[in-house]
2 protein chains.
Amino acid sequence: MDRIDRKLLNLMQRDASRTNVDMADEVGLSPSSCLRRIRRLRKEGIIDRVVAILNPARSGRVIKALVTVELKLHGEQHMRRFLDLAVAEEAVSQAYAVTGETDVVLVLRLRDMEEYDALCDRLFRDQTNIARFFTMMVIRTAKDETAIAL
Amino acid sequence: MDRIDRKLLNLMQRDASRTNVDMADEVGLSPSSCLRRIRRLRKEGIIDRVVAILNPARSGRVIKALVTVELKLHGEQHMRRFLDLAVAEEAVSQAYAVTGETDVVLVLRLRDMEEYDALCDRLFRDQTNIARFFTMMVIRTAKDETAIAL
DNA sequence: AATCCGTATGCAATAAAATTGCACCGAACT
DNA sequence: AGTTCGGTGCAATTTTATTGCATACGGATT
């Protein structure tokens with residue numbers, strides 16, 4: 001993991017659709033050598049995967065919301081049951097069990113408020129193990145990184 | 001935007017490193033036709049970009065934390081000042097201005113607790129406009145999707 | 001129903017890229 | 001100095017992407 005590797009990873013975190021030839025040129029290696037590095041990074045699992053990122057605005061899921069959830073019963077099985085429920089929802093894009101102020105934090109991507117209301121019914125109101133939940137609607141997204149700083 | 005487009009988008013959200021030939025075969029199109037669709041999806045901005053996702057465990061940033069921040073002064077310029085500060089931090093992977101319980105929510109990716117402590121100094125303790133902040137350490141990640149359900 | 005138009009398709013030819021074998025280089029170690 | 005190992009560039013080969021072209025499909029219009 002040297003300077004060139006880091007350079008490649010930074011390139012590919014920004015745009016992985018470039019050709020190997022192109023990137024090789026930018027980092028100052030021959031295409032073959034560059035390709036072998038990229039393959040190594042993938043084989044070693046440093047590059048987990050390469051994916052297409054869709055434009056959220058074009059997908060219809062334009063409303064983002066954060067929800068903190070407090071459970072009544074905190075046992076492992078209760079936590080697992082709720083997380084399973086949440087994870088199964090398409091509108092739930094992130095779900096974390098956390099320490100501190102609350103038990104679970106969800107990140108939602110919603111099409112509209114109807115979807116939010118219906119989701120709340122399924123995840124919170126119809127459940128017996130929910131003590132409280134607080135919703136924070138996202139007003140402004142200042143940063144939303146898939147890239148990891150090296 | 002038909003069934004085949006959606007199929008392609010789902011494929012590429014999971015793995016965009018496959019060859020066009022391969023994906024064309026899976027969706028039942030000729031390579032040329034499939035390629036033209038993918039180019040159209042990119043040109044229209046439905047596919048925003050293609051990126052490499054690194055393994056967080058291999059990057060050293062293994063601790064995830066959520067922080068809610070309450071500001072003392074809520075004016076636009078105060079909000080902006082704090083967000084600018086937060087966004088500049090490498091450990092801050094997401095930053096949202098929100099309604100409700102609090103003003104700002106941050107998602108942190110940390111190497112260790114020292115980094116957390118130092119970050120708190122810079123973002124919270126040294127600042128005059130922070131009323132309170134609550135940290136929730138992530139115990140379990142049940143879902144963390146870059147993909148958007150269509 | 002016939003026509004027209006815009007768009008999508010498959011095929012085949014071509015261009016470009018990825019992949020591999022091979023010889024070589026340089027650092028680390030004996 | 002000799003040896004080993006990992007990485008490199010070059011060139012040949014294979015695979016893929018790209019494009020031109022003829023055709024097929026669907027919708028709107030006459």
Side-chain angles (χ1 to χ4, degrees), chain A residues 1-62 90 111 145-150, chain B residues 1-62 90 111 145-150:
Chain A
M1 172 72 80
D2 59 3
R3 207 184 95 272
I4 294 182
D5 278 344
R6 264 184 287 276
K7 219 166 173 178
L8 276 175
L9 291 173
N10 281 329
L11 287 184
M12 294 188 67
Q13 285 194 108
R14 275 187 282 128
D15 182 3
S17 67
R18 300 172 60 184
T19 66
N20 176 52
V21 174
D22 193 20
M23 295 190 288
D25 184 60
E26 181 155 343
V27 302
L29 281 183
S30 69
S32 58
S33 211
C34 181
L35 181 66
R36 277 185 279 250
R37 273 177 185 263
I38 292 173
R39 273 206 294 237
R40 176 173 51 73
L41 292 170
R42 300 200 61 167
K43 183 152 158 285
E44 292 177 356
I46 295 172
I47 295 177
D48 185 41
R49 61 201 203 283
V50 175
V51 300
I53 305 291
L54 305 196
N55 186 334
R58 302 301 299 271
S59 73
R61 298 187 176 276
V62 291
E90 282 198 340
R111 293 184 199 279
E145 284 276 336
T146 57
I148 295 176
L150 304 170
Chain B
M1 174 71 81
D2 59 3
R3 206 185 96 268
I4 294 182
D5 279 345
R6 263 185 288 275
K7 218 166 172 178
L8 275 175
L9 291 173
N10 281 329
L11 287 184
M12 295 188 67
Q13 285 194 107
R14 275 187 281 128
D15 182 2
S17 67
R18 300 171 60 185
T19 67
N20 176 51
V21 175
D22 193 18
M23 295 190 288
D25 184 58
E26 181 155 342
V27 302
L29 281 184
S30 68
S32 57
S33 211
C34 182
L35 181 66
R36 278 186 278 247
R37 272 177 185 263
I38 292 173
R39 274 205 293 236
R40 177 172 51 74
L41 292 170
R42 299 201 62 167
K43 183 153 158 283
E44 292 177 355
I46 296 172
I47 294 177
D48 185 42
R49 59 201 204 281
V50 175
V51 300
I53 306 290
L54 305 195
N55 186 334
R58 303 300 299 272
S59 73
R61 298 187 177 275
V62 292
E90 282 198 341
R111 293 183 200 282
E145 283 277 337
T146 58
I148 294 176
L150 306 168

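In what follows, chains carry the letters A, B, and so on, assigned in the order in which the sequence lines appear, proteins first and then strands, with residues in each chain numbered from 1.
As a whole-Å value, the separation of B/Leu29 CG from C/dT7 P is 18 Å. The interatomic distance linking A/Leu8 (CG) with D/dG7 (C1') rounds to 14 Å, in whole Å. In this structure, B/Ile38 places its CD1 atom 14 Å from P of C/dA8, rounding to the nearest Å. Put simply, CG on A/Asp2 is 14 Å from P on C/dA27, counting in whole angstrom units. D/dT15 atom C1' lies 15 Å from atom CE of B/Met23, rounded to whole Å.
The side chain of B/Ser32 approaches C/dA12 more closely than any other nucleotide in the set C/dA12, D/dG9, C/dT9. Side-chain proximity of B/Leu35 to the nucleotides D/dG9, D/dA17, C/dA18 is greatest for D/dA17. Checking D/dT18, C/dT20, D/dG7 against every side-chain atom of A/Arg37, the shortest atom distance belongs to D/dG7.
Note on B/Ser33: a side-chain N or O is less than 4.0 Å away from OP1 or OP2 of C/dG10. An OP1 or OP2 oxygen of C/dA18 is reached within less than 4.0 angstrom by no side-chain nitrogen or oxygen of A/Arg36. Between A/Arg18 and the phosphate of C/dA18, there is no side-chain N or O to OP1/OP2 separation shorter than 4.0 Å.
Contact annotation for B/Thr19: backbone-only contact, meaning every heavy-atom pair under 4.0 Å involves sugar-phosphate atoms and none involves a base.
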